[in-house]
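Contents: one structure, followed by commentary.
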Number of protein chains: 2
Amino acid sequence: MPREIDRRAARTRKALHEALLALMLRKGYEALSVQDIIDEADVGRSTFYAHYTGKEDLLRSGFQMLREELKEAQSATRAGAEASHDDPLGFSTAMFEHAARYADHYRTMIGGRGGAVTESEIRLILSEMVRQELPPTLHGEAIPRDFVVQFIVGAFLTALNWWFERKPKLSPSQVDAMFRRLTLEGLSHLIGGEHRQVGRPTASRDTD
Amino acid sequence: MPREIDRRAARTRKALHEALLALMLRKGYEALSVQDIIDEADVGRSTFYAHYTGKEDLLRSGFQMLREELKEAQSATRAGAEASHDDPLGFSTAMFEHAARYADHYRTMIGGRGGAVTESEIRLILSEMVRQELPPTLHGEAIPRDFVVQFIVGAFLTALNWWFERKPKLSPSQVDAMFRRLTLEGLSHLIGGEHRQVGRPTASRDTD
DNA sequence: AAAATCCCGAACAAGCTGTCCATTACCCTA
DNA sequence: TAGGGTAATGGACAGCTTGTTCGGGATTTT
């Protein structure tokens with residue numbers, strides 16, 4: 001029986017992916033050359049091109065792996081299946097916490113430093129997540145489902161980015177609370193003429 | 001009196017900016033080389049570097065000009081100054097209409113094709129706009145002003161992008177209505193427990 | 001018209017990109 | 001464990017890009 005894949009090839013691919021990630025952390029994606037990557041991975045030039053067509057191909061393949069892993073992990077956890085549709089933002093809490101733990105990675109992925117590809121790949125992954133948590137029917141059909149999905153994903157990324165760039169000291173749950181409040185209730189509650197009292201333990205002052 | 005700037009220099013800069021814009025429309029920003037730009041502009045290589053340090057510098061300088069123009073146009077229109085704070089999304093309607101008229105330009109700027117620089121420059125411009133329209137005090141201080149600004153800008157860009165990519169047939173006012181509804185009222189209105197039946201005359205299915 | 005400024009074109013070193021090849025090292029399986 | 005198959009290597013290649021430098025020529029400004 002032929003093994004899934006040749007061990008050498010697997011090693012090479014792994015080395016390249018790790019090199020890419022490491023380099024992105026310290027130089028950002030755009031600034032990288034194929035040269036940098038193969039140096040870091042200690043892999044021959046021709047070997048690289050035997051596996052990938054360029055650095056973008058390498059990056060994409062990394063995300064594809066990630067997506068497949070997530071898909072599996074998800075169908076595995078599908079045991080406790082419900083509670084989803086109550087809360088269309090169910091993903092966010094875990095996500096913010098995860099981001100806090102791997103702040104370095106998220107920073108490079110989310111900020112401009114990951115490049116356009118990273119950005120859109122992440123949007124894809126999040127979109128899939130959100131689409132599943134979103135109830136199948138929306139009131140009145142006035143707003144297309146897909147629009148809502150994009151709206152949520154965009155808002156989440158905005159929150160994440162703002163957190164890292166401006167208030168990295170906040171706790172995940174604080175950011176999460178703000179994100180949910182704004183996304184669920186909208187702006188109207190913040191600016192109406194009514195002075196509704198909110199007993200919120202305001203975390204920290206705004207510095208603009 | 002020394003003229004503001006040498007006529008030749010001005011011509012050169014103009015030619016370069018126009019070349020950049022034209023090329024971005026057909027190839028996207030990332031794919032461009034300085035070579036392409038000076039060919040299109042019919043300008044000598046050394047001349048280019050006498051004015052800008054690279055293509056990014058050229059792009060940035062273009063946005064800076066734009067920002068200054070907008071700033072002037074704004075302080076000029078500041079005659080009818082109020083009505084702002086009633087509607088924190090006042091900018092959107094005009095913006096969507098403008099985008100419809102110059103769809104090609106917006107497409108290249110907003111989608112990935114404009115590159116990270118364009119993206120962040122646009123966010124900057126919009127942020128300034130939104131910040132001014134946003135009432136100075138927000139209820140309860142629970143959510144920092146800047147967070148709200150970013151939220152709005154992100155939602156607007158999301159709407160714009162979705163419009164171009166998925167439903168370009170919609171009119172500006174339709175998109176505007178959806179954008180405002182979602183941003184002002186949030187999701188909560190869309191997902192209540194009530195099961196309202198809708199005889200959906202859905203135009204086209206969500207295709208992912 | 002003279003002086004100041006700008007543009008041009010060409011040439012340069014340095015770097016990156018993909019692609020080839022012959023050779024070597026490794027892996028898989030029988 | 002031996003041998004055929006497969007992958008990795010290093011080097012060399014043409015073609016492209018980037019910035020920089022120069023002197024001569026053209027245009028503007030004063």
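Please read all numbers here as calculations on a predicted model, not as lab measurements. Each chain gets a letter, A, B and so on, in the order its sequence line appears, and its residues count up from 1.
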Rounded to whole Å, how long is the line connecting atom [atom1] of [X] with atom [atom2] of [N]?
X: A:Y52; N: C:dT19; atom1: OH; atom2: P; result: 16 Å
X: B:L32; N: D:dT17; atom1: CG; atom2: C1'; result: 13 Å
X: B:E56; N: D:dT18; atom1: CD; atom2: C1'; result: 15 Å
X: B:R13; N: C:dC6; atom1: CZ; atom2: C1'; result: 12 Å
X: B:F48; N: C:dG9; atom1: CZ; atom2: C1'; result: 17 Å
X: B:L58; N: D:dT18; atom1: CG; atom2: C1'; result: 16 Å
X: B:I38; N: C:dG9; atom1: CD1; atom2: C1'; result: 11 Å
X: B:D42; N: C:dC8; atom1: CG; atom2: P; result: 7 Å

Which of parallel (below 30°), tilted (30 to 60°) and perpendicular (above 60°) describes [X] and [Y]?
X: B:Y52; Y: B:F48; answer: tilted
X: A:F96; Y: A:F156; answer: tilted
X: B:H105; Y: B:Y102; answer: perpendicular

TODO: May I ask you to verify if any side-chain N or O of A:H51 is less than 4.0 angstrom from the OP1 or OP2 atom of D:dA7?
DONE: no
Open item on the list: Please tell me if A:Y49 has a side-chain N or O lying less than 4.0 Å from either OP1 or OP2 of C:dG18.
Closed with: yes
Any protein N or O atoms within reach of nucleotides 24-27 of chain C? Criterion: under 3.5 Å, listing atom names and distances.
unit_1	atom_1	unit_2	atom_2	d
C:dC26	O2	A:R8	NH1	2.9
C:dC27	OP1	A:R11	NH2	2.6

What distance separates [X] [atom1] from [Y] [atom2], expressed to the nearest 0.5 Å?
X: A:N161; Y: B:Q150; atom1: CG; atom2: CD; result: 8.0 Å
X: A:F147; Y: B:L182; atom1: CZ; atom2: CG; result: 6.0 Å
X: A:L32; Y: A:Y29; atom1: CG; atom2: OH; result: 8.0 Å
X: A:S75; Y: A:L70; atom1: OG; atom2: CG; result: 10.5 Å
X: B:S92; Y: B:L160; atom1: OG; atom2: CG; result: 11.0 Å

TODO: Would you indicate what A:T47 reaches in the nucleic acid, counting non-hydrogen atoms under 4.0 angstrom: base, sugar-phosphate, or nothing?
DONE: base
- [ ] Please work out if B:D36 contacts a base, only the sugar-phosphate, or nothing of the nucleic acid, heavy-atom cut-off 4.0 Å.
- [x] nothing
- [ ] Could you note down all residue pairs passing side-chain hydrogen bond (donor to acceptor under 3.5 Å, both in side chains) where residues 110-120 of chain A supplies at least one of them, sequence neighbours left out?
- [x] A:E119-A:R123
Open item on the list: Among residues 14-25 of chain A, which ones have heavy-atom contacts with DNA chain C below 4.0 Å?
Closed with: none
Interface polar pairs with nucleotides 10-13 of chain C, N/O, under 3.5 angstrom:
none

Open item on the list: Determine whether the aromatic ring centres of residues B:F179 and A:F151 are separated by less than 6.0 angstrom.
Closed with: no
- [ ] Among residues two or more places apart or on two chains, list those pairs meeting salt bridge (Lys or Arg N to Asp or Glu O under 4.0 Å) that have a residue in residues 30-43 of chain B.
- [x] B:R26-B:E40, B:K27-B:D36
- [ ] Can you tell me which residue pairs pass the salt bridge (Lys or Arg N to Asp or Glu O under 4.0 Å) test with a partner in residues 45-58 of chain A, sequence neighbours excluded?
- [x] A:E56-A:R60
